[in-house]
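Residue numbers start from 1 in every chain, and the chains themselves are labelled A, B, ... in the order their sequence lines are given, proteins ahead of strands.
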There are 2 protein chains.
Amino acid sequence: MAGKSYPGTMTTTPTADWLRLDQQICFSLNAASRAFGGVYRVILKDLGLTYPQYLVMLVLWEHGDLPVKKLGEHLRLDSGTLSPLLKRLEGAGLVRRERSTHDERSVEVHLTEDGAALRERALQVPRRIAAATGFDIDEIHELRTRLDQLTTALDAAARAEASGAS
Amino acid sequence: MAGKSYPGTMTTTPTADWLRLDQQICFSLNAASRAFGGVYRVILKDLGLTYPQYLVMLVLWEHGDLPVKKLGEHLRLDSGTLSPLLKRLEGAGLVRRERSTHDERSVEVHLTEDGAALRERALQVPRRIAAATGFDIDEIHELRTRLDQLTTALDAAARAEASGAS
DNA sequence: CACAATTCAATTGCGCACAACTAAATGGCG
DNA sequence: CGCCATTTAGTTGTGCGCAATTGAATTGTG
């Protein structure tokens, strides 16, 4: 995208160059993430879902009814994000929320009939998304592996930074 | 991360499997993006910046004073996002906003002395981020290339979808 | 010059992400 | 049993991202 080339053997990049925007992987990642959001917004409009709502539905379709806590573990989201989101899904008639009888602290999220039925219409989504990327299945899989590796490293680093590194 | 393997030659993945969360590259991308956010949050706290504010400062440090429009082009952000963000940066004394004398529609964003000085302290940030990823410079560069490729494809697809494809 | 179309920033409204806090229920320990 | 730490959702507040709208300035056209 920029005119410069960065030969693989360059290890002496000046400090100031690190600040160059086009060197910032985070920027690329952020841009890609938002570009994905744009494609999803268009494709999911039919289903009446936002992208985070779609992710919640994916988890429910795959794992069945779950308490909010488990849902959050699958998605790396806390109740601060999930509570209002689930209320909106409930308002749309896709899920019900019921306090567990065994443990009244816990709230079970159940798919309604409409919520379960929506899965059929959602089946086409991933293929359209995959097509939009222009990547084949191997490339997707390889990129995914890389990103998961990155996430693991970053989470570990965040914990290390938080507990008092330089 | 899951127990299944996806050999490269498999082109007959059942439709339902596409819905599997761990197949969703978007989820990995989103997770990585948020994991980055977590690391940046910690590292940028010293500088008193959020991550998007840091990106704005990066652009200003690299390109000098710019109108809001140009800033938005560099960052793929519109005035709806930038206007309040720039007000906060102005409140923090890092930038000034002044209507252009040539074109009164335009607002020029200028670095203040404090804003320019902050660059020195920011120089350490990218190295710490790079270290947190656990990737070497070649891996970072390769991933970046991939992601930019992805973003380009997705933007094109979003435009195509928006103008009436299936 | 007058008027319509365009450009640019700001605002409004909605939803998500996350930190900090609250409140209720549970479980453990003396 | 009585008390306290923990677990779990929910709420509040801040900031970002984006669509839609507004309003002012500019440009193009007759």
S.K.: Strictly below 4.0 Å: does A/Lys87 bring a side-chain N or O up to OP1 or OP2 of D/dT11?
M.R.: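 A/Lys87 to D/dT11 OP1/OP2: side-chain N or O found under 4.0 Å.
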
S.K.: So A/Leu77, base contact, sugar-phosphate only, or nothing? Heavy-atom distance under 4.0 Å.
M.R.: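 Sugar-phosphate, backbone atoms only, no base.
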
S.K.: If you assign B/His102 and A/Gly38 each to the DNA chain D nucleotide with the nearest heavy atom, which residue ends up on the more 5' nucleotide?
M.R.: A/Gly38

S.K.: Assess the residue pair B/Thr112 and B/Arg96 against the criterion (side-chain hydrogen bond (donor to acceptor under 3.5 Å, both in side chains)); give the C-alpha distance rounded to whole Å, side-chain angles, the decisive distance to 0.1 Å, and a yes or no.
M.R.: CA-CA 6 Å; B/Thr112 62; B/Arg96 277 176 298 112; over 6 Å; no

S.K.: Checking B/Arg127 now: which residues fulfil salt bridge (charged side-chain N to carboxylate O under 4.0 Å, His left out) with it, not counting sequence neighbours?
M.R.: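 For B/Arg127, no residue satisfies salt bridge (charged side-chain N to carboxylate O under 4.0 Å, His left out) once neighbours in sequence are set aside.
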
S.K.: Looking at B/Phe135, does the NZ or CZ of A/Arg146 lie under 6.0 angstrom from its six-membered ring centre and within 45 degrees of the ring axis?
M.R.: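 Yes, A/Arg146 and B/Phe135 form such a contact.
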
S.K.: What's the CG-C1' distance between A/Leu86 and D/dT8, to the nearest Å?
M.R.: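 Atom CG in A/Leu86 sits about 14 Å away from atom C1' in D/dT8.
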
S.K.: Starting from C1' on C/dA17, measure out to CG on A/Asn30 and report it in whole angstrom.
M.R.: 13 Å

S.K.: Send over the distance from A/Asp78 CG to C/dC21 P, rounded to a whole Å.
M.R.: 15 Å

S.K.: In whole angstrom, give the distance that lies between atom CG of A/Leu71 and atom P of D/dT8.
M.R.: 14 Å

S.K.: Please give, in whole Å, the distance from C/dA10 C1' to B/Leu82 CG?
M.R.: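 Nearest whole value for this atom pair: 11 Å.
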
S.K.: Which parts of nucleotides 3-9 of chain C does protein reach within less than 4.0 Å, heavy atoms only, written one letter per nucleotide 5' to 3' as B for base, S for sugar-phosphate only and - for none?
M.R.: ----BSB

S.K.: Just how far, in rounded Å, is P of D/dA24 from CD of B/Glu104?
M.R.: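 Checked: the CD to P distance equals 13 Å.
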
S.K.: Within a strict 4.5 Å, meaning less than it, do heavy atoms of the B/Asn30 and A/Leu55 side chains meet?
M.R.: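 Yes - at least one pair of side-chain heavy atoms lies under 4.5 Å apart.
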
S.K.: Could you state the CG-C1' distance from B/Asp155 to D/dC18, rounded to the nearest angstrom?
M.R.: 14 Å

S.K.: Pairs under 3.5 angstrom only: tabulate donor-acceptor contacts from the side chains of residues 76-86 of chain A to other protein residues two or more places apart or in another chain.
M.R.:
residue, atom, partner, partner atom, Å
A/Arg76, NH1, A/Asp155, OD2, 3.1
A/Arg76, NH2, A/Asp155, OD2, 2.3
A/Asp78, OD1, A/Gly80, N, 3.1
A/Asp78, OD1, A/Thr81, N, 3.2
A/Ser83, OG, A/Ser79, O, 3.1

S.K.: Can you label the angle between the B/Trp61 ring and the B/Tyr54 ring as parallel, tilted or perpendicular, going by 30° and 60°?
M.R.: perpendicular

S.K.: Using salt bridge (charged side-chain N to carboxylate O under 4.0 Å, His left out), reason through B/Arg97 and B/Glu90 one step at a time and then give a plain yes or no.
M.R.: CA-CA 7 Å; B/Arg97 294 179 305 145; B/Glu90 188 169 40; 3.1 Å; yes

S.K.: Which whole-number value in Å describes the distance from B/Phe36 CZ to C/dA17 C1'?
M.R.: 17 Å

S.K.: Where each residue is assigned the nucleotide of DNA chain C containing its nearest heavy atom, which of A/Thr101 and A/Thr50 is assigned the position nearer the 5′ end?
M.R.: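 Its nearest nucleotide lies further toward 5', so the answer is A/Thr50.
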
S.K.: In terms of side-chain heavy atoms of B/Arg34, which of C/dC18, C/dG15, D/dC18 is nearest?
M.R.: C/dC18

S.K.: With sugar-phosphate meaning primed atoms plus P, OP1 and OP2, does A/Thr81 contact a base, only sugar-phosphate, or nothing at under 4.0 Å between heavy atoms?
M.R.: base

